[in-house]
Amino acid sequence: MKKQYSINLEKKWQKFWGKEKIYKFNPQKKATFFSVDTPPPTVSGKMHLGHAFSYTHIDIIARYHRMIGENVFFPFGTDDNGLPTEKLVEKENNVNIFNMKRNEFISLCQKTLKKLRPEFIRDWKNIGISCDFDLTYSTISKDVQRLSQKFFIDLYHKNRAYRGEFPVLWCSNCQTAIAQADLEDKNIESFFVNIKFELEEEGEIIIATTRPELLSSCVAIFVHPNDKRYKNLINKKAIVPIFGQKVLILEDEKVNPEKGTGIVMCCTFGDVTDVEWYFDHKLPLKISINPNGTMNELSQKYQGLKIKEARQKIIEDLEKEGKAIKKEKISHIVNVHERCGTEAEILVNWQWFIKYLDLKDDFIKIDKKIKWFPEYMRKRYENWVKGLKWDWCISRQRYFGIPFPVWYCKRCQKIKIAEISQLPVDPLNSKPKTSCSCGSKEFIPEESVLDTWATSSLTPQIAIDLIKNKNIKEKLFPMSLRPQAHDIINFWLFYTIARSKLHFNKIPWKTVMISGFVLDPKGEKMSKSKGNVVFPQEIISKYGADVLRHWAAKASLGEDIRWDEKEINASKRTIIKLWNAARFCLSNLKDFNNKKINFKNLEDEDKWILSILEETIKDYHYNLKKFEFKKSREVIDNFFWKYFCDNYLEIVKPRFYNKNISKNSKNAAQSVLYILLLSVLKLYAPFMPHITEEIYQSYFKKWEKEKSIHLSLLPEFNKKLLNTKIKKDFEEIIDLISSVRKYKSEKGFSLKKEINKLIIESKNKNKIEKHSNLLKSVMNIKIIEFKKIFQDSINVNSNIKIQIEE
RNA sequence: GGGCAAUUAGCUCAGGGGUAGAGCGUUUCGUUCACAUCGAAAAGGUCGCAGGUUCAAAUCCUGCAUUGCCCACCA
């Protein structure tokens with residue numbers, strides 16, 4: 001081993017693992033299957049620190065299961081269809097999707113992905129992830145298209161997928177329907193305008209609104225049924241300013257009498273409540289907004305203006321007419337499209353939906369069969385399911401996605417679904433295999449594509465589809481683990497459970513493990529706009545992947561962590577310490593091999609450390625089985641630093657340096673050192689795969705049979721090696737050493753300063769006397785004497801007193 | 001407004017009825033013999049507040065406060 005630890009060794013082992021296919025899924029092995037539904041990252045340029053963080057957690061778990069002998073199925077995938085890719089491609093090539101032909105844009109997407117994907121995946125290899133990269137999927141590949149279309153058709157035949165003209169959330173910037181989950185909140189400055197409406201008969205009412213541009217869409221006015229102020233208005237008609245239509249005043253409990261004037265206008269559609277009123281009160285439909293975010297002919301003289309322009313113009317006109325009596329600047333929270341920040345509109349459109357609102361209770365019930373780590377995260381899922389108000393709109397008016405395998409008959413408009421044998425199919429480029437039941441052979445293709453989540457909700461099926469053997473496929477599903485971060489519980493996790501319920505009436509995985517986020521040192525989210533983004537590749541080139549991984553493993557499951565470069569130093573120290581400790585051990589194991597391991601002549605310190613090692617192994621397994629990698633890391637760190645390095649190595653040194661040590665004692669020390677170091681390496685291997693591999697290869701490989709430490713088995717807890725009595729007795733020796741160290745430290749002496757005489761008073765004289773030579777050499781003491789002490793004593797513990805003569 | 005979580009040392013966080021813990025930071029001391037990218041040691045806390053249960057509460061229960069997240073509200 002080299003004297004200096006170097007992070008260059010990481011690249012070497014990454015190549016080795018790839019070349020030797022160390023992480024290859026080997027279903028022939030007779031063992032329990034452990035299948036991971038790896039999150040496919042969106043190809044969006046670079047990996048961010050949150051990725052490095054949560055994928056480390058996943059990898060630790062996968063490596064752990066591999067090292068307890070399980071058959072680990074750990075595929076990799078990239079999510080590269082849909083809007084994010086389109087945005088990336090537009091940016092990367094400096095083009096605008098609306099100025100391009102559909103086919104040209106799609107091929108540009110394919111070309112760009114082909115260029116960026118390998119570089120993107122390399123980031124994952126750089127953190128040492130142990131996926132089987134022979135099992136890699138892309139959500140836009142032909143195979144996945146076939147599979148996604150097949151499952152769409154399944155839903156269609158189950159009467160779960162339907163086409164309808166319904167109010168949908170709409171992004172006027174991206175010009176596509178979006179789902180509830182695509183929304184995020186944004187604080188937006190706006191005006192709350194009080195508008196005067198004349199009543200048909202006599203009098204007037206004041207309505208407060210932030211959306212005066214929707215006056216032309218006003219179809220009713222609502223007051224609260226218990227609002228005494230307005231009781232007399234109910235069922236009367238009011239005249240909408242500027243546009244002059246007469247609308248009924250109705251009552252509804254959803255009105256908040258405290259808000260504005262307590263009178264609210266209902267437009268089709270200003271918000272979700274409007275949609276509910278539209279259905280509940282069977283109101284007419286009046287749409288004023290075009291899909292591109294401009295006003296349509298219904299808004300008369302405002303036609304062609306953008307929404308915000310129209311809003312301003314209408315306010316001006318209302319003011320001129322004296323109809324706008326108060327304008328108040330407010331900042332309020334509105335729903336915007338997560339991808340582009342545009343305020344979401346509600347338009348009526350022909351879209352494809354998955355009907356699932358009737359299954360809300362079932363989604364909650366089936367989830368109870370899944371184990372959540374941490375358990376409290378389950379509530380977020382349940383909360384989301386309970387709050388669902390819309391069926392899942394799965395069509396998007398985009399180019400780069402998986403097409404619907406659907407046509408419509410030109411003559412009778414009937415839906416024509418593709419046949420399974422012709423999948424994957426793009427209805428724009430091909431035709432149905434048979435004619436319509438009405439006899440017509442002419443069809444109009446569906447131009448929309450499937451929502452990204454409609455495909456990524458099938459990742460268990462996509463991943464398992466990479467395996468061709470039927471028996472093995474069955475063993476892989478339901479999968480063992482879905483690991484992911486908490487931000488997409490409402491999307492990816494929920495949709496996957498929903499699909500699994502709809503298609504198979506089964507849970508998709510047995511367990512869910514939720515990671516947190518990496519925040520900046522102030523506890524704020526990292527974002528490009530704030531300029532506080534930390535790139536993991538920069539951390540890796542500075543400290544190495546093992547350091548980053550060791551740091552990432554200190555987080556509690558589900559908890560966010562703050563990035564603080566100071567804290568990564570603790571991890572760096574651990575790696576260097578491991579390097580140096582290994583160097584010391586190996587220099588004393590040169591003439592040793594595993595055939596010489598012999599536990600017959602163990603000294604008490606050997607039994608003591610082996611006993612603590614067993615406790616460590618026990619706690620390590622106990623915690624990792626519960627996905628508590630943080631605690632397992634603590635357990636092994638503690639053993640390594642406190643017991644192995646600080647005490648055992650110091651105590652054992654004389655057995656290598658002193659020439660008058662017996663061969664048997666030296667052999668015992670070497671045996672223990674061999675076992676200890678190998679155990680420490682293995683226990684650390686899931687956390688720090690590179691350095692542990694380097695040390696393993698440089699010595700242990702010769703004697704152990706596995707060609708990589710990552711294919712070896714972790715030590716199992718062996719009750720026989722626990723030795724509570726020796727452990728307890730020897731702890732007194734450690735206490736004694738500590739007390740002498742403390743004495744020297746307080747006096748300002750070097751720890752190596754020679755001490756003339758140590759006087760010990762103890763009831764257990766014999767037990768201590770046995771270790772006199774050890775104490776003398778570790779603490780550099782000339783004489784040890786046992787007698788009663790009358791003054792100047794130091795209490796070591798309740799049993800032992802000492803006095804020191806320099 | 002509903003839900004979830006957090007509140008412990010200067011900082012980041014463990015612990016979960018019986019003596020208050022770690023790492024970082026601070027201070028002091030110490031290097032030929034694995035490691036100064038190190039070691040030894042010290043200082044440092046009414047465990048958010050108020051009640052209750054108990055022989056005993058940081059820990060369990062109730063309420064409150066503060067912070068964060070998810071959802072709802074968006075007229």
Side-chain angles (χ1 to χ4, degrees), chain A residues 1 3-5 180 183 185-188 190 192-193 195 207-212 214 218 221-222 254-256 259-267 270-274 277 330-335 343-344 374 376-389 486-487 489-490 516-517 519 521 523-525 554-556 558-564 566-588 630-631 634 637-638 641-642 645-646 649-650 653-654 656-657 737-738 740-753:
Chain A
M1 276 174 78
K3 192 166 183 201
Q4 293 285 326
Y5 167 75
Q180 199 175 341
L183 297 175
D185 291 348
K186 194 171 163 188
N187 222 332
I188 286 190
S190 182
F192 208 32
V193 191
I195 301 172
I207 293 176
T209 181
T210 54
R211 310 231 23 206
L214 289 176
C218 180
I221 287 167
F222 285 95
K254 289 191 190 101
V255 177
N256 178 359
K259 198 140 188 171
T261 57
I263 311 176
V264 53
M265 66 169 181
C266 170
C267 306
D271 61 36
V272 180
T273 322
D274 288 343
W277 282 332
I330 54 158
S331 86
H332 63 157
I333 291 161
V334 294
N335 283 328
E343 289 172 56
Y376 68 79
M377 283 290 176
R378 187 196 299 278
K379 284 270 189 255
R380 294 207 185 182
Y381 167 87
E382 290 180 350
N383 244 1
W384 174 259
V385 173
K386 283 177 192 161
L388 285 173
K389 282 186 184 164
H486 59 58
D487 57 330
I489 289 174
N490 302 341
F517 265 21
L519 306 175
E524 289 176 22
K525 272 189 187 166
K554 71 180 256 161
S556 291
E559 298 275 341
D560 293 345
I561 191 173
R562 292 180 189 199
W563 168 253
D564 186 347
K566 269 185 224 153
E567 284 186 26
I568 206 165
N569 269 319
S571 296
K572 187 181 158 194
R573 288 177 56 216
T574 302
I575 306 273
I576 291 168
K577 187 84 172 172
L578 179 60
W579 183 260
N580 286 316
R583 263 197 323 127
F584 170 78
C585 294
L586 298 190
S587 71
N588 291 304
K630 176 205 176 106
K631 287 182 189 164
E634 255 170 38
D637 275 350
N638 190 46
W641 280 95
K642 207 175 141 192
C645 292
D646 292 352
L649 288 187
E650 294 307 319
K653 269 177 191 172
F656 296 113
Y657 295 151
I737 293 172
S738 292
V740 179
R741 278 178 182 170
K742 188 174 166 182
Y743 174 86
K744 287 185 180 176
S745 184
E746 276 169 357
K747 291 269 173 178
F749 297 152
S750 157
L751 290 180
K752 278 162 189 152
K753 183 185 164 76

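Because the structure is predicted, anything quoted here is derived from the model rather than measured. These numbers come from the heavy atoms of this one structure, side chains and all, not from hydrogens, waters or symmetry mates. Per chain, numbering begins at 1; letters A, B, ... match sequence-line order.
Checking the phosphate oxygens (OP1, OP2) of B/A40, no side-chain nitrogen or oxygen of A/Lys747 falls inside 4.0 Å. The phosphate of B/A42 has neither OP1 nor OP2 within less than 4.0 Å of any side-chain N or O from A/Ser745. In this model, the phosphate group of B/C38 is not approached by any side-chain N or O of A/Asn580 to a distance below 4.0 Å at OP1 or OP2. For A/Arg562 and B/C24, the shortest distance from a side-chain N or O to OP1 or OP2 is not below 4.0 Å. The shortest distance between the side-chain N/O atoms of A/Arg380 and the OP1/OP2 oxygens of B/C71 is not below 4.0 Å. Note on A/Lys389: a side-chain N or O is less than 4.0 Å away from OP1 or OP2 of B/C73.
Once rounded to the nearest 0.5 Å, the distance linking OH of A/Tyr381 with CG of A/Asn490 reads 10.5 Å. Between atom CG of residue A/Asn569 and atom CG of residue A/Asp564 there is a gap of 9.5 Å, rounded to the nearest 0.5 Å. Distance CG/A/Asp271 to CZ/A/Arg211: 8.5 Å, rounded to 0.5 Å.
Regarding A/Lys753, its NZ atom lies at a distance of 11 Å from the P atom of B/U31, rounded to whole Å. One can place CD of A/Glu559 at 7 Å from C1' of B/A5, the figure rounded to the nearest angstrom. Straight-line distance from the CH2 atom of A/Trp563 to the C1' atom of B/U12: 14 Å, rounded to whole Å. The distance between atom CG of A/Leu751 and atom C1' of B/A41, rounded to the nearest whole Å, is 9 Å. Here the P atom of nucleotide B/C4 and the OH atom of A/Tyr376 are 13 Å apart, to the nearest Å. Separating the CD1 atom of A/Ile489 from the P atom of B/A5 is a distance of 13 Å, rounded to the nearest angstrom. One can place CZ of A/Phe517 at 18 Å from C1' of B/A6, the figure rounded to the nearest angstrom. Rounded to whole Å, atom P of B/U27 lies 19 Å from atom CD of A/Glu746.
When the nearest nucleotides of RNA chain B are assigned to A/Lys525 and A/Met377 by heavy-atom distance, the more 5′-ward of the two goes with A/Met377. Checking A/Lys744 against A/Lys3, the closest nucleotide of RNA chain B that is more toward the 5' end is the one next to A/Lys744.
Set against B/G23, B/A14, B/A41, the side chain of A/Ser556 has B/A14 as its closest nucleotide. Of the candidates B/C24, B/C73, B/G2, the closest approach to any side-chain atom of A/Asn383 belongs to B/G2. Of the candidates B/U31, B/G2, B/C35, the closest approach to any side-chain atom of A/Glu650 belongs to B/C35. Nearest to the side chain of A/Lys630, among B/A14, B/A40, B/G39, sits B/A14.
Within the nucleic acid shown, A/Glu524 has no heavy atom closer than 4.0 Å to any nucleic acid atom. Using a 4.0 Å heavy-atom criterion, one finds that A/Ser190 contacts no nucleic acid atom at all. Nucleic acid contact class of A/Lys742 (heavy atoms, under 4.0 Å, all strands): sugar-phosphate only. Nucleic acid contact for A/Ser587: none, since no nucleic acid atom lies under 4.0 Å from a heavy atom of the residue. Among the protein residues, A/Cys266 comes within range of no part of the nucleic acid, since none of its heavy atoms lies under 4.0 Å from any strand. Using a 4.0 Å heavy-atom distance criterion, A/Asp274 is classed as making no nucleic acid contact. Within the 4.0 angstrom heavy-atom criterion, only backbone atoms of the sugar-phosphate kind lie near A/Trp641; the bases stay farther away. Here A/Phe222 lies out of heavy-atom contact (under 4.0 Å) with every strand. In this structure, A/Asp564 reaches neither bases nor backbone, as no heavy-atom distance under 4.0 Å exists between it and the strands shown. Heavy atoms of A/Lys631 sit under 4.0 angstrom from primed sugar atoms or phosphate atoms, though from no base atom. Residue A/Lys752 is in base contact, counting any heavy-atom pair closer than 4.0 Å across all strands shown. A/Ala581 comes within 4.0 angstrom of a base, heavy atoms only. Residue-level contact check: A/Glu634 touches the backbone only, with heavy atoms under 4.0 Å from sugar-phosphate atoms and none from bases. Counting non-hydrogen atoms under 4.0 angstrom, A/Gly260 reaches nothing in the nucleic acid.
Between B/U62 and B/C71, the distance separating the two P atoms is 27 Å to the nearest Å. Here, B/G10 and B/G44 have their P atoms 11 Å apart, quoted to the whole Å. B/G2 sits 43 Å from B/U19 when the C1' atoms are compared, rounded to a whole Å. Nucleotides B/U53 and B/A43 are separated by 38 Å at their P atoms, to the nearest Å. When the C1' atom is used for both B/A5 and B/C73, the distance is 22 Å, rounded to whole Å. Using C1' as the reference atom, B/C64 and B/C29 are 49 Å apart when rounded to the nearest Å. Distance check on atom C1': B/A42 versus B/A56 gives 32 Å, rounded to whole Å. Distance noted for atom C1' between B/A41 and B/U7: 32 Å (whole Å).
Base-pair partner of B/U66: B/A6 (Watson-Crick or G-U wobble, both distances under 3.5 Å). The pairing partner recorded for B/G1 is B/C71, the criterion being a Watson-Crick or G-U wobble arrangement whose two distances lie under 3.5 angstrom. Pairing of B/C11, defined by two Watson-Crick or G-U wobble distances under 3.5 Å, is identified with B/G23. Across every strand in view, B/U46 sits unpaired, with no contact that passes the Watson-Crick or G-U test at under 3.5 angstrom. Pairing partner, B/A56: none, since no Watson-Crick or wobble contact has both distances short of 3.5 Å. In this structure, B/A40 forms a base pair with B/U28, meeting either the Watson-Crick or the G-U wobble geometry with both donor-acceptor distances under 3.5 Å. B/G16 is unpaired under the criterion used here, namely a Watson-Crick or G-U wobble arrangement in which both key atom distances are under 3.5 Å.
For the pair A/Lys653 and A/Phe584, the cation sits on the ring face: its NZ or CZ lies under 6.0 Å from the ring centre, inside 45° of the axis.
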Audit row: A/Glu567, A/Lys554, salt bridge (charged side-chain N to carboxylate O under 4.0 Å, His left out) steps and yes/no: CA-CA 10 Å; A/Glu567 284 186 26; A/Lys554 71 180 256 161; 2.7 Å; yes
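A donor-acceptor pair under 3.5 Å is formed between the side chain of A/Lys744 and the backbone N or O of A/Lys753.
Residues A/Thr261 and A/Ile207 come closest through the heavy atom pair OG1-CA, 3.9 Å. When all heavy atoms of A/Asp274 and A/Cys266 are compared, the pair lying nearest together is OD1-CA, 3.7 Å.
The aromatic rings of A/Phe222 and A/Trp277 lie parallel to each other, with less than 30° between the two planes, well short of the 60° mark.
Checked by atom type, the side-chain pair A/Asn580/A/Arg583 shows a donor-acceptor distance below 3.5 Å.
If you check distances only, the side chain of A/Lys566 never reaches the base of B/C24 with a donor-acceptor pair under 3.5 Å.
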